[in-house]
Every structure is written in structure tokens, then in C-alpha cells.
Amino acid sequence: MNISNIPEVIYILKEEDAKFRTPYVTEVSNEAGKDPFKVLMSCILSLRTKDETTREASIRLFNLADTPEKIIKLTIPEIENAVYPAGFYRTKAKTIREISSELVEKYGSKVPDEIDELLEFKGVGRKTANLVVTMGFGKPGICVDTHVHRIMNRWGFVQTKTPDETEIALRRKLDKEYWIIINDLLVCYGQNICKPISPHCSQCRLAQYCKAVGVTRKR
DNA sequence: AAAACGGGGGC
DNA sequence: GCCCCAGTTTT
């Protein structure tokens, strides 16, 4: 077994992962019948924000309005109040409103299903665009957040400086069938085991193959 | 008390 | 490349 044997890694992590809850945006896409708009809004709310807080803010927002048409009828303060728990509430409320009105005006209230189109919205970067495409439309995409970026580099599976570089590298090195699942697994694994600081290497079943054990920063 | 958090925009 | 967003959780 080698860390570059992704199918084997996935198998190991899946057992590890069973005790963790499904990442929230994934869950939204499931329970919402993969409503791309809800996925997109949840992505915005999840920026730099932990799972549990994203959940609360999303519920509050969708309770008020769950389509772009309904959202543009709200005032900015109403949106801010709804998404307040997620933090960065002013930026996020503004982004949510701008994207919603652009969707209504230029896209017939339909969320685009292409990464390049999604990237044109202000507030949508590669991580969000990939997540909407995969979770909202079931199309292939690799969502590289800081967890995926960090973990892939600790393993030595890639050597990259930014999440965007990591995405490019993974597109080249990883078969499409693993694109979605790797993100899903690594988020849980990254939040609970392979944490940014003081990771729980002693609990990690991949430790014997990892290049960062004992090297990783502790405080 | 300080750093970090499922990024992304502006400069 | 660097700084900002902002309230809550971790260290």
C-alpha cells in the first residue's frame, strides 16, 4: 500500500469516516433534491466558516427565501439578519443578493452548470464553482478547499502552494471516478483527524504512509 | 490572548 | 504577494 493508491486510501478513510457526519453542503444537496441554487447559497455561507454554523445560517435563510426570486424581494438587512450566524455576514448577504438578482435578470433564474460560467459571479471562486457543479448537477469536478490542499500535500501526493494549483494537479493525477468522493472524505478527515494544527496522527490509520507525521507544526 | 476557521475580492 | 472580512471555537 502506498499513499498514491487512492482507491485503497478511500477504503481506509471510509471506515475512519463512518463516525463523522456528512459535510453540510453535501447534505443540503441531498435533501434539497440537488437544488443547485441551495447548494450555491450554502457554499457562499460556508466560506471560511465551519460546518455547524453554515447549517444554522442556511436554515434561517431558506426559511425566509429559497429561490432567487424570493431573495431579491428581501432587504439587505433582512438577509444579513438571516445569515448572521455564519459570520462575514455583510459580505455574504451582499454576495447572496447580487448573485440572486443576476440569476433572475440574466439567467432566467437558473444556476449555470458550467464552472467557467459560475466563476463570473462575484463571490464565486474555484472551490464554490466545483462544488455547485458536482453537488448541484452531478457533473465531474474537484472541489479543493484548504483541507484537501493541506492533506494532499502532507501525504506528498502533490507538492503545491495554493488550492488552485492542487486542483489542477489532482485533475491530472486522479481518475474522474474519485473526484467527488475524495473531497467528501477529506473534509471530514481534515476537520476531525488531519487538522491544520496538532493533527491526531496517533489516531490516523494512514500515518504509516504519511510524510508529515512528526513534522507537522504543533503548538 | 491569539490563532484559526470547508475562500474570495481588491489592491 | 498581502490584507480584509467577523463571530465563534481551539489552542
Side-chain angles (χ1 to χ4, degrees), chain A residues 13 16-17 20-30 38-61 76-77 79-100 102 115-136 141-155 158 160-168 170 179-203 216-219:
Chain A
L13 283 185
E16 191 84 47
D17 186 59
F20 304 135
R21 199 169 49 66
T22 309
Y24 174 61
V25 175
T26 304
E27 195 175 294
V28 165
S29 75
N30 290 337
K38 284 191 177 182
V39 175
L40 177 54
M41 293 297 111
S42 299
C43 286
I44 302 297
L45 292 177
S46 79
L47 297 187
R48 262 328 245 178
T49 304
K50 283 190 178 165
D51 223 34
E52 206 51 49
T53 3
T54 304
R55 158 184 297 274
E56 192 188 340
S58 293
I59 290 171
R60 288 166 59 121
L61 177 64
I76 289 284
I79 302 176
E80 285 179 352
N81 183 59
V83 304
Y84 183 80
F88 297 99
Y89 64 92
R90 275 198 281 195
T91 313
K92 288 174 181 176
K94 197 176 160 202
T95 302
I96 283 170
R97 185 169 168 97
E98 279 180 9
I99 291 180
S100 294
E102 205 171 330
I115 289 177
D116 288 342
E117 289 184 86
L118 287 160
L119 286 175
E120 295 189 11
F121 291 95
K122 217 182 294 178
V124 176
R126 296 206 62 85
K127 178 233 168 184
T128 303
N130 272 284
L131 202 50
V132 169
V133 161
T134 58
M135 292 300 145
I142 304 185
C143 168
V144 176
D145 52 33
T146 51
H147 285 314
V148 176
H149 174 62
R150 176 182 73 253
I151 292 164
M152 286 296 181
N153 276 282
R154 279 184 183 168
W155 285 353
V158 300
T160 50
K161 289 177 69 179
T162 67
D164 284 359
E165 287 177 42
T166 304
E167 190 201 321
I168 304 302
L170 291 182
W179 285 9
I180 293 178
I181 194 169
I182 205 75
N183 176 71
D184 212 20
L185 287 177
L186 294 192
V187 170
C188 294
Y189 173 63
Q191 281 184 2
N192 296 287
I193 304 282
C194 197
K195 301 194 294 182
I197 294 177
S198 304
H200 298 159
C201 298
S202 62
Q203 296 176 34
T216 305
R217 181 166 54 126
K218 302 200 181 208
R219 307 197 120 257

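Naming convention: chains lettered A, B, ... in sequence-line order (proteins, then strands); numbering from 1 in each chain.
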### Task
Report the nucleotide, chosen from dG6(B), dC5(C), dT11(C), that has the shortest atom-to-atom distance to any side-chain atom of Ser198(A).
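So the nucleotide nearest the side chain must be dT11(C).
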### Task
Tell me which nucleotide among dA6(C), dA4(B), dG8(B) gets nearest to the side chain of Lys127(A).
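Of all the options, the side chain of Lys127(A) is nearest to dG8(B).
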Which value, in whole Å, describes the distance between the [atom1] atoms of nucleotides [N] and [M]?
{"N": "dG6(B)", "M": "dG1(C)", "atom1": "C1'", "value": "23 Å"}
{"N": "dC4(C)", "M": "dA3(B)", "atom1": "P", "value": "14 Å"}
{"N": "dT8(C)", "M": "dG8(B)", "atom1": "P", "value": "23 Å"}

By the 4.0 Å heavy-atom rule, please label [X] as base, sugar-phosphate, or nothing.
{"X": "Tyr84(A)", "value": "sugar-phosphate"}
{"X": "Pro23(A)", "value": "base"}
{"X": "Val148(A)", "value": "nothing"}

Write down the distance between [atom1] ([X]) and [atom2] ([N]), rounded to a whole number of angstrom.
{"X": "Leu45(A)", "N": "dG7(B)", "atom1": "CG", "atom2": "P", "value": "13 Å"}
{"X": "Glu80(A)", "N": "dG7(C)", "atom1": "CD", "atom2": "C1'", "value": "14 Å"}
{"X": "Ile44(A)", "N": "dG6(B)", "atom1": "CD1", "atom2": "P", "value": "16 Å"}
{"X": "Lys94(A)", "N": "dC4(C)", "atom1": "NZ", "atom2": "C1'", "value": "13 Å"}
{"X": "Ile151(A)", "N": "dC5(B)", "atom1": "CD1", "atom2": "C1'", "value": "14 Å"}
{"X": "Phe88(A)", "N": "dG6(B)", "atom1": "CZ", "atom2": "C1'", "value": "12 Å"}
{"X": "Arg55(A)", "N": "dT9(C)", "atom1": "CZ", "atom2": "P", "value": "15 Å"}
{"X": "Asn192(A)", "N": "dC5(B)", "atom1": "CG", "atom2": "P", "value": "14 Å"}

Think [X] has a side-chain N or O under 4.0 angstrom from the OP1 or OP2 of [N]?
{"X": "Thr91(A)", "N": "dG8(B)", "result": "no"}
{"X": "Thr128(A)", "N": "dG8(B)", "result": "yes"}
{"X": "Lys195(A)", "N": "dT11(C)", "result": "yes"}
{"X": "Arg48(A)", "N": "dC5(C)", "result": "no"}

### Message
Return whichever of Thr54(A) or Gly123(A) has its heavy-atom-nearest nucleotide of DNA chain B closer to the 5' end.
### Response
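Nearer the 5' end of the strand: Thr54(A).
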### Query
Taking the nucleotide of DNA chain B with the closest heavy atom to each, which residue, Lys122(A) or His147(A), is nearer the 5' end?
His147(A)
### Query
Testing Val132(A), Ile44(A), Ile99(A) for side chain to side chain contact (heavy atoms under 4.5 Å, CB included) with Phe121(A), which one passes?
Ile99(A)
### Query
Can you tell which of Leu40(A), Leu61(A), Thr91(A) makes a side chain to side chain contact (heavy atoms under 4.5 Å, CB included) with Ile96(A)?
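One option only clears the test, and that one is Leu61(A).
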### Message
Rounded at 0.5 Å granularity, tell me how far OG in Ser29(A) sits from CG in Leu131(A).
### Response
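If I round to the nearest 0.5 Å, the distance is 8.0 Å.
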### Task
With rounding to the nearest 0.5 Å, note down the distance linking NE2 in His149(A) to OG1 in Thr160(A).
5.0 Å
### Query
Does a side-chain N-to-carboxylate-O contact under 4.0 Å join Arg90(A) and Glu80(A)?
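Answer for the salt bridge query: no.
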### Message
Both distances below 3.5 Å, Watson-Crick or wobble geometry, any strand: find the nucleotide opposite dG6(B).
### Response
none
#### Entry: His200(A) vs Lys161(A), nearer the 5' end of DNA chain C by closest nucleotide
Lys161(A)
#### Entry: Donor on one side chain, acceptor on other, Lys92(A) and Thr49(A), under 3.5 Å
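Their side chains do contain a donor-acceptor pair, which is all the 3.5 Å distance test asks for.
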